[in-house]
Number of protein chains: 2
Amino acid sequence: MKVSPAQAAAELLEVVPSVTRAVREQMRAHRAADLTVTQFRVLAYLNRHTGASLSDVADHIGLTLPSMSKLIDALVARKLVRREFDTTDRRRVTLALTSRGRVILERARRATRAFLTAQLRQCDSIELETLARAMQILRPLFASRRELARVAQRK
Amino acid sequence: MKVSPAQAAAELLEVVPSVTRAVREQMRAHRAADLTVTQFRVLAYLNRHTGASLSDVADHIGLTLPSMSKLIDALVARKLVRREFDTTDRRRVTLALTSRGRVILERARRATRAFLTAQLRQCDSIELETLARAMQILRPLFASRRELARVAQRK
DNA sequence: TCACAATAGTTTCCTTTTCTAATTATTTCT
DNA sequence: AGAAATAATTAGAAAAGGAAACTATTGTGA
């Protein structure tokens, strides 16, 4: 099977949104911890990147700063996220999950993962490996600019 | 590499949204034919399923009927979609792309595919094949209920 | 066959999400 | 110091999406 980049792109463009749709639908239906998909992704990001700034999160999720600011407002009001001011650069805001936030994230993650896992149980082990490999390939290709910059900086 | 369904699920849950985000961002940035991702998906679906009903589309995209009705309104107003009444069942609405719709879809598709293709050029041919295979695996797992019913019916 | 249930869409109204523009506060650059 | 740049917030408006109620049509069971 010989696949061109264009062909692979077309496939991605067709299949990826349907996965997203299924996940979103599932989260809505089961009200997984009362989180929207976007909120869920924010919590997950903050879990991996404690102390991220508002811009970091906005950039990674793909929202404007004002939108993210309000989204964070809501999460802070629900005591899932802590918002602090950076001591060295007082313009910056530093975000982190509260312990409650970690609990809620874990709960939502379990629910969503359970849904996906159920779907994936139809796959044999070779297919699962293919999927995992594919995700490894995609991951670095679609990291956000800011994230790439961060990784580059670390060197 | 031995992968459990749960592991694969976790990977999917992390990577898929970042692909979606990149595509969405790209479409917004380049104002690809002034289509939102959802509108784009609707056009693509109608291209593949000429004469689909409103419910078909709503179900596939994952919107409620009212929302889809409004979305189609906009596309009809822009003369991208034709809305006709089914002669055998006059409750049903039959949707199809206009020739203008096909042109716009193709333009948007080219732009988005070009973006994805550019990203995927970093992959070697083995990786591309892995990606294509992965999409083949995912496709049937996340098809909508109505679509599954339709496929089952054809037998 | 006729009343009733079911199906397909639409309309109305409301909430939520997200955007743009303007504003504040802070830091960096010259 | 003063100007430009950066980080975040606020204000105001638009857009997306959903629930409920409504219309029109078709199917069904007594």
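Nothing here was measured: the structure is a model prediction, and the numbers come from that model. A note on names: the letters A, B, ... follow the listed sequences, proteins ahead of strands, and every chain is numbered from 1.
- Of the N and O atoms on the side chains of A:Gln7 and A:Ser4, at least one donor lies less than 3.5 Å from an acceptor on the other residue.
- With hydrogens and angles disregarded, no donor-acceptor distance shorter than 3.5 Å links the side chain of B:Thr112 to the backbone of B:Arg109.
- A:Ile61 places its CD1 atom 14 Å from the P atom of C:dT17, with the value rounded to the nearest Å.
- Of all heavy-atom pairs between B:Ala134 and A:Ala134, the closest is CB-CB, 3.4 Å.
- Atom CZ of B:Arg90 and atom P of D:dG27 are 12 Å apart (whole Å).
- Computed from coordinates, the A:Phe85 CZ to D:dA8 C1' distance equals 8 Å when rounded to whole Å.
- Atom-to-atom, CD of B:Glu84 to C1' of C:dG9 comes out at 16 Å; the value is rounded to the nearest Å.
- A sub-4.0 Å separation between OP1 or OP2 of C:dT10 and a side-chain N or O of B:Arg83 is present.
- Only B:Leu65, B:Pro66, B:Ser69, B:Lys70, listed by number, bring a heavy atom of residues 63-76 of chain B to less than 4.0 angstrom from any atom of DNA chain C.
- Separating the CZ atom of B:Arg91 from the C1' atom of C:dA5 is a distance of 11 Å, rounded to the nearest angstrom.
- Whole-Å rounding puts the A:Leu54 CG to D:dT10 C1' distance at 13 Å.
- Of the possible donor and acceptor atoms, one in the side chain of A:Arg21 sits under 3.5 Å from a partner among the backbone N and O of B:Phe142.
- A donor-acceptor contact closer than 3.5 angstrom links the side chains of B:Gln136 and A:Glu11.
- Comparing atom distances between the B:Asp89 side chain and each of D:dT26, D:dA8, C:dT26 picks out D:dT26 as nearest.
- Remark: P of D:dA15 and CG of B:Leu35 are 15 Å apart, rounded to the nearest angstrom.
- No donor-acceptor pair closer than 3.5 Å links the side chain of A:Ser69 to the backbone N or O of A:Leu65.
- For the helix from C:dT1-D:dA30 to C:dT30-D:dA1, the axis fitted to the five pairs at one end and the axis fitted to the five pairs at the other end meet at an angle of 20° (nearest 10 degrees).
- Note on A:Glu129 versus A:Arg133: salt bridge recorded, some NZ/NE/NH1/NH2 to OD/OE distance being below 4.0 Å.
- The separation between A:Arg92 atom CZ and D:dT6 atom P is 12 Å, rounded to whole Å.
- Checked for salt-bridge contact, B:Glu84 and B:Arg92 miss the test: no charged N lies under 4.0 Å from a carboxylate O.
- As judged by a 4.0 angstrom heavy-atom cut-off over every strand, A:Thr88 is placed among residues touching the sugar-phosphate backbone only.
- Closest of all the heavy-atom pairs between B:Arg100 and B:Lys79 is CB-O, 3.7 Å.
- Checking D:dA8, C:dA8, C:dT26 against every side-chain atom of A:Ser55, the shortest atom distance belongs to D:dA8.
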